[in-house]
2 protein chains.
Amino acid sequence: MTDTLIRSWQSVQEEVLRRINARIWKPGELIPNEAELASEFGCARATVNRALQNLADTGLLERRRKAGTRVATHPIRKATLDIPIIRNEITAKGFAYRYSLISSEKIVPPRDVIARMQLERGNKALHLVAVHLATGVPYVFEDRWINPGAVSGVEGIDFTRQSANEWLVENMPFTAGDITFTAMTGGRREAEILACEPGAGLFVIDRTTWTKDRAITFVRLVFAPGYRMHTVI
Amino acid sequence: MTDTLIRSWQSVQEEVLRRINARIWKPGELIPNEAELASEFGCARATVNRALQNLADTGLLERRRKAGTRVATHPIRKATLDIPIIRNEITAKGFAYRYSLISSEKIVPPRDVIARMQLERGNKALHLVAVHLATGVPYVFEDRWINPGAVSGVEGIDFTRQSANEWLVENMPFTAGDITFTAMTGGRREAEILACEPGAGLFVIDRTTWTKDRAITFVRLVFAPGYRMHTVI
DNA sequence: CAAATTATTATGTGCAGACATATAACTCAA
DNA sequence: TTGAGTTATATGTCTGCACATAATAATTTG
């Protein structure tokens, strides 16, 4: 029994974590309710609530009204990972960042892109292909489609000077987005642009952003071999 | 101007989001302080605080004491993604789950594993190779090392019946973990176990879990081609 | 005995007020 | 001019209380 008072929500959280790790409260088990913990720790119920809610957010606890709070049976559940702004990621590693536009054209997108972005069939969209370089070495290959119907004024922008991502971030708010991580086998095109072997396994991020039901942009980022995305839990 | 009162923290959050999206508060700009917003919305400062803190957690706002709260310049910053429990992921898709142990031996691990897990050189570790199947089709290939120094009693367990992951989750609490997502080019071994073409690009998750400075286990999950990990922001 | 209703209970959220803490901004002396 | 010390201010958090809400458990009713 600790004599030190547990009054901040962080210390409540620590103590709860300690009990989970020490198996005092085992996976699947019900823990005492907020009022009991509050009186045990000598703090207000709101403080306990804050701590438990935070742990529930990270997936370590499961809470339901009336039913109470129990230790999650499968603790590894959620990881928060930082989606890097490519320029920042490269400069943070100490490399010089450079962006190079390979092509820009307005064409009717292929079927899968139409489906992803829920575009009208037959309408053209802006297609940009570019590469981001770290001290001259290809880092990530960007294949982007922009919906001109949702992004007014995009046609006049010179994307050779500013990356589409940066322009969009500054000029188009978005309300939602979805991200998919996957792997692909590099073909000739990827090998050429990323200066790697054809057939290499490449890490891919697909991202679509939306503003109130309309797709703004769909971008596929294909990273050079060896790219790792890291997070701690 | 809305006449409807904004009193719940969710509605405060919605209103703040609306203003960010409508560019009333632009990226990088300072927004009114909590007290002002509270009096504007007709609610308590604590309610505004809850809403703004939540938005800061998701990376849309940046807050600093005394300096105030400003709209983040790079809104796409953090994504929370669910780390799947493989059994659940497979059964959730409506497939039958099966786990098959391919090999189990106690050997001195290779250098990279020793480095990752910070093991003593020359000490043996338990090496398990297994595959998880969805209705008989290989879904993910699991290559795992377990530190017997940190996991007492692991040597007597029959991992042909229960997957190592499930046994560990139930029997070993962990305090920290780190996860890396990457891609690899499949070799002969992966092709054989996952029943795919050699040379295919494969999605990989590396995970190490720790209990108070000692590595419990390091596992590499290599997913069959076409695997996608999805999240929304 | 099953279905519908009511009571109970644990979490969820709101409020006002107070104090804590970080830090930007200012003041003043060397 | 610069560095150290001070002040003001916005966010961070705690408290005690109240009521809302969801969901289980108990009870009544047809």
Side-chain angles (χ1 to χ4, degrees), chain A residues 2-17 19-20 24-73 77-78, chain B residues 2-17 19-20 24-73 77-78:
Chain A
T2 52
D3 277 335
T4 52
L5 279 175
I6 296 173
R7 323 195 76 189
S8 76
W9 71 265
Q10 285 99 333
S11 57
V12 170
Q13 180 169 318
E14 270 172 41
E15 176 59 16
V16 170
L17 269 174
R19 293 185 187 185
I20 293 172
I24 295 168
W25 295 332
K26 301 193 185 64
E29 267 183 26
L30 213 59
I31 75 173
N33 70 36
E34 294 184 351
E36 289 175 63
L37 289 175
S39 80
E40 187 200 337
F41 294 150
C43 66
R45 186 171 77 87
T47 308
V48 175
N49 181 281
R50 177 92 154 86
L52 299 189
Q53 229 169 69
N54 203 46
L55 288 171
D57 281 345
T58 68
L60 257 82
L61 293 177
E62 285 167 4
R63 332 188 66 207
R64 265 166 62 215
R65 282 178 180 166
K66 163 80 187 181
T69 301
R70 54 183 69 237
V71 181
T73 44
R77 287 259 300 259
K78 286 175 188 171
Chain B
T2 52
D3 277 334
T4 52
L5 279 176
I6 296 172
R7 324 195 76 189
S8 75
W9 71 267
Q10 286 97 335
S11 57
V12 170
Q13 182 170 318
E14 269 171 42
E15 176 60 16
V16 171
L17 269 174
R19 294 186 186 184
I20 293 171
I24 295 168
W25 296 332
K26 301 191 184 66
E29 266 183 26
L30 213 57
I31 75 172
N33 70 37
E34 295 184 350
E36 289 175 62
L37 290 175
S39 79
E40 188 200 336
F41 294 148
C43 66
R45 186 170 77 86
T47 308
V48 174
N49 181 282
R50 178 96 150 83
L52 298 189
Q53 230 169 66
N54 203 44
L55 289 170
D57 281 346
T58 68
L60 257 82
L61 293 177
E62 285 166 5
R63 331 188 68 204
R64 264 166 65 214
R65 282 177 178 167
K66 163 81 186 181
T69 302
R70 55 183 69 237
V71 181
T73 44
R77 288 258 298 259
K78 285 173 189 172

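Side-chain atoms are counted along with the backbone in the values below, which use heavy atoms only and exclude waters and symmetry mates. Everything numeric here is computed off the predicted structure, so don't read it as measured data. In what follows, chains carry the letters A, B, and so on, assigned in the order in which the sequence lines appear, proteins first and then strands, with residues in each chain numbered from 1.
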Item to complete: Would you sort out whether B:Val16 and B:Val48 count as a side chain to side chain contact (heavy atoms under 4.5 Å, CB included), showing the intermediate values?
Response: CA-CA 10 Å; B:Val16 171; B:Val48 174; over 6 Å; no
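- The side chain of B:Trp9 has C:dG14 as its nearest neighbour among C:dG14, D:dC14, C:dA16.
- Rounded to a whole Å, the CZ atom of B:Arg70 is 12 Å from the C1' atom of C:dA24.
- If A:Cys43 and A:Arg64 are placed on DNA chain D by their nearest nucleotide, the residue sitting closer to the 5' end is A:Cys43.
- Atom CG of A:Asn54 and atom P of D:dG12 are 14 Å apart (whole Å).
- For C:dT11, one of the phosphate oxygens OP1 or OP2 lies less than 4.0 angstrom from a side-chain nitrogen or oxygen of A:Thr69.
- Atom CG in A:Leu52 sits roughly 10 Å away from atom C1' in C:dT11 (whole-Å rounding).
- Distance from the side chain of A:Glu34 is smallest for C:dG12 among the nucleotides C:dG12, D:dA8, C:dT8.
- Between A:Gln10 and D:dG12, a side-chain N or O to OP1/OP2 separation shorter than 4.0 Å is absent.
- Taking atom CG on A:Leu30 and atom P on C:dT9, their separation rounds to 15 Å, with Å as the unit.
- Looking at heavy-atom distances under 4.0 Å, B:Arg45 makes contact with a base.
- Contact annotation: the side chain of B:Gln53 approaches that of B:Arg63 to within less than 4.5 Å [non-hydrogen atoms, C-beta and beyond].
- By the 4.5 Å heavy-atom criterion applied to side chains, A:Leu52 and A:Leu37 are counted as neighbours.
- Phosphate contact (OP1/OP2 of D:dA22, side-chain N/O of A:Arg63, threshold under 4.0 Å): absent.
- Phosphate contact (OP1/OP2 of D:dG12, side-chain N/O of B:Asn49, threshold under 4.0 Å): present.
- In this entry the distance linking CZ of B:Arg7 with P of D:dT21 reads 13 Å, nearest Å.
- Under the 4.5 Å side-chain criterion, counting only non-hydrogen atoms from C-beta, A:Glu36 is in contact with A:Asn33.
- Atom-to-atom, NZ of A:Lys66 to P of C:dA10 comes out at 7 Å; the value is rounded to the nearest Å.
- A:Ala46 comes within 4.0 angstrom of a base, heavy atoms only.
- Contact check, A:Thr47 against D:dT15: a side-chain N or O comes under 4.0 Å of OP1 or OP2.
- One can place CG of B:Asn33 at 18 Å from P of C:dT23, the figure rounded to the nearest angstrom.
- Note on A:Arg50: a side-chain N or O is less than 4.0 Å away from OP1 or OP2 of D:dT13.
- B:Pro32 has its side chain within reach of B:Trp25: a pair of non-hydrogen atoms, C-beta onward, lies under 4.5 Å apart.
- Atom P of nucleotide D:dC14 and atom CZ of A:Phe41 are separated by 13 Å, given to the nearest angstrom.
- For A:Gln53 and C:dT11, the shortest distance from a side-chain N or O to OP1 or OP2 is not below 4.0 Å.
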